[in-house]
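Reckoned from all heavy atoms, side chains included, excluding hydrogens, waters and symmetry mates. We number each residue from 1, following the sequence as shown. Bear in mind the structure is a predicted one, so any value in this text is a computation, not a measurement.
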Amino acid sequence: MSNLHTNPIAFIDAAFDDQVQWHNVVAKGEIPNPEDNKKTSRRGSQALVTQKSTSSADGGIFRRETKGMCVEPVVVQLERGRLTSFARLLAERDPIFLDPAAARAMHYPDVVASPSFPSTIEMLAKDKRYDRGVPNLTDLVGCDYRFLLHGEQHYSYLGLMYAGDEVTVSGEVLDFYDKKGGLLEFVVLGSTISHPERGVLVRARRTLVHRLVS
């Protein structure tokens, strides 16, 4: 587990892990060939984050009554420039992630979103919800960043995303549990990225941890 504030490089490490898993899925032929086929102020949001739920078990922080709740779905447009800049940042060499002509030569409609880009889509969706004055999953469950650790994150790839796509990002609180006699409390958050015609393209699952003071 890595602290979200003291270990920012963990985000990049996770991105490369996702990239390896994505390429393995493609190699197995599990990705279909394209031919075959709305601001709470940030101050207000912080108040949500630091407020402790009275129903949390054993002095925990997470609001466990939110299990099964969903956040408002938001639509994110995938801009070509953002996709190609992200691919260059990760030193991606496959031209389908960088060059529209190369992508079309491989029968894709435009530049393909690189395998780690879903994390960026989720961040864009989070900003959109703040702009609309609605909570994100971390607000909903009551994350306290003074004690928060990143547990794990996993992406399942069901289809490709392309420049110009408008995708819908949804999220749900899946589960809570404890370890170490209650000194560690966990929340499991799920999200999906879907296209109106091609259906669900990515499923994400991440675990966040509060390390509680004994």
Side-chain angles (χ1 to χ4, degrees), residues 1-15 17-19 38-51 53 61-63 66-79 81-83 85-87 89-90 113-158 161 163 165-176 186-196 200-210:
M1 293 182 294
S2 58
N3 190 289
L4 292 176
H5 297 284
T6 61
N7 191 11
I9 198 64
F11 174 81
I12 299 298
D13 290 341
D17 289 343
D18 295 332
Q19 199 163 27
K38 273 170 184 179
K39 189 174 196 170
T40 55
S41 68
R42 297 198 182 254
R43 185 184 309 142
S45 174
Q46 185 63 27
L48 274 173
V49 168
T50 57
Q51 180 182 353
S53 169
I61 300 172
F62 287 133
R63 300 190 187 97
T66 60
K67 181 177 178 178
M69 292 186 181
C70 299
V71 291
E72 179 179 303
V74 295
V75 175
V76 175
Q77 184 168 21
L78 307 189
E79 302 173 2
R82 195 186 295 272
L83 265 63
S85 295
F86 186 85
L89 177 66
L90 293 183
S114 59
S116 302
F117 198 72
S119 58
T120 297
I121 295 175
E122 290 186 292
M123 287 188 286
L124 292 170
K126 184 174 183 178
D127 285 341
K128 279 202 167 189
R129 291 192 188 96
Y130 280 133
D131 290 341
R132 294 182 183 180
V134 296
N136 283 289
L137 285 173
T138 50
D139 304 318
L140 202 62
V141 301
C143 288
D144 188 329
Y145 292 97
R146 297 171 299 172
F147 310 108
L148 195 67
L149 302 170
H150 184 277
E152 62 181 12
Q153 191 158 345
H154 176 75
Y155 291 94
S156 298
Y157 301 92
L158 308 176
M161 296 180 288
D165 276 349
E166 289 189 347
V167 296
T168 300
V169 186
S170 306
E172 181 181 1
V173 182
L174 298 178
D175 199 10
F176 296 93
F186 296 74
V187 60
V188 183
L189 306 176
S191 61
T192 61
I193 302 173
S194 59
H195 186 273
V200 176
L201 304 177
V202 180
R203 295 188 189 276
R205 185 182 179 99
R206 61 176 167 147
T207 304
L208 300 177
V209 189
H210 279 148

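How far CG of L201 is from CG of D165: 7.0 Å, rounded to the nearest 0.5 Å. Annotation: the span from E72 atom CD to N136 atom CG amounts to 10.0 Å, rounded to 0.5 Å. If you take CD on E166 and CG on L78, they are separated by 9.0 Å, rounding to the nearest 0.5 Å. Atom-to-atom distance recorded for Q153:CD and S191:OG is 8.0 Å, nearest 0.5 angstrom. Here I61 contributes atom CD1 and D144 contributes atom CG; the two are 4.5 Å apart, rounded to the nearest 0.5 Å.
Nearest heavy atom pair, residue L208 against residue C143, reads CD1-SG, 3.9 Å. The heavy-atom pair separating H150 from E152 by the smallest distance is CE1-C, 3.7 Å. Contact record, Y155 with E122: OH-OE1, 2.8 Å, taken as the closest heavy-atom pair. The minimum heavy-atom distance between S119 and F86, with the atom names listed, is OG-CZ, 4.5 Å. When all heavy atoms of L140 and M69 are compared, the closest pair comes out as CD2-CB, 3.8 Å. Nearest heavy atom pair, residue Y157 against residue P115, reads OH-O, 2.6 Å.
Residues forming a side chain to side chain contact (heavy atoms under 4.5 Å, CB included) with V188 (at least two apart in sequence, or on another chain): L174, D175, Y177, R205, T207. Residues passing the side chain to side chain contact (heavy atoms under 4.5 Å, CB included) test with L124 are V76, R82, T120, sequence neighbours excluded. For E172, the side-chain hydrogen bond (donor to acceptor under 3.5 Å, both in side chains) test picks out no residue, with sequence neighbours left out.
V173 is not listed as a side-chain neighbour of R63, based on a closest heavy-atom distance of 4.5 Å or more. R129 places none of its side-chain heavy atoms less than 4.5 Å from the side chain of D139.
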Inset, instruction - Take I121 and M161 through the test side chain to side chain contact (heavy atoms under 4.5 Å, CB included) and record every step on the way to the result. - result: CA-CA 11 Å; I121 295 175; M161 296 180 288; 3.7 Å; yes
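The aromatic rings of F147 and H210 lie perpendicular to each other, with more than 60° between the two planes, well past the 30° mark.
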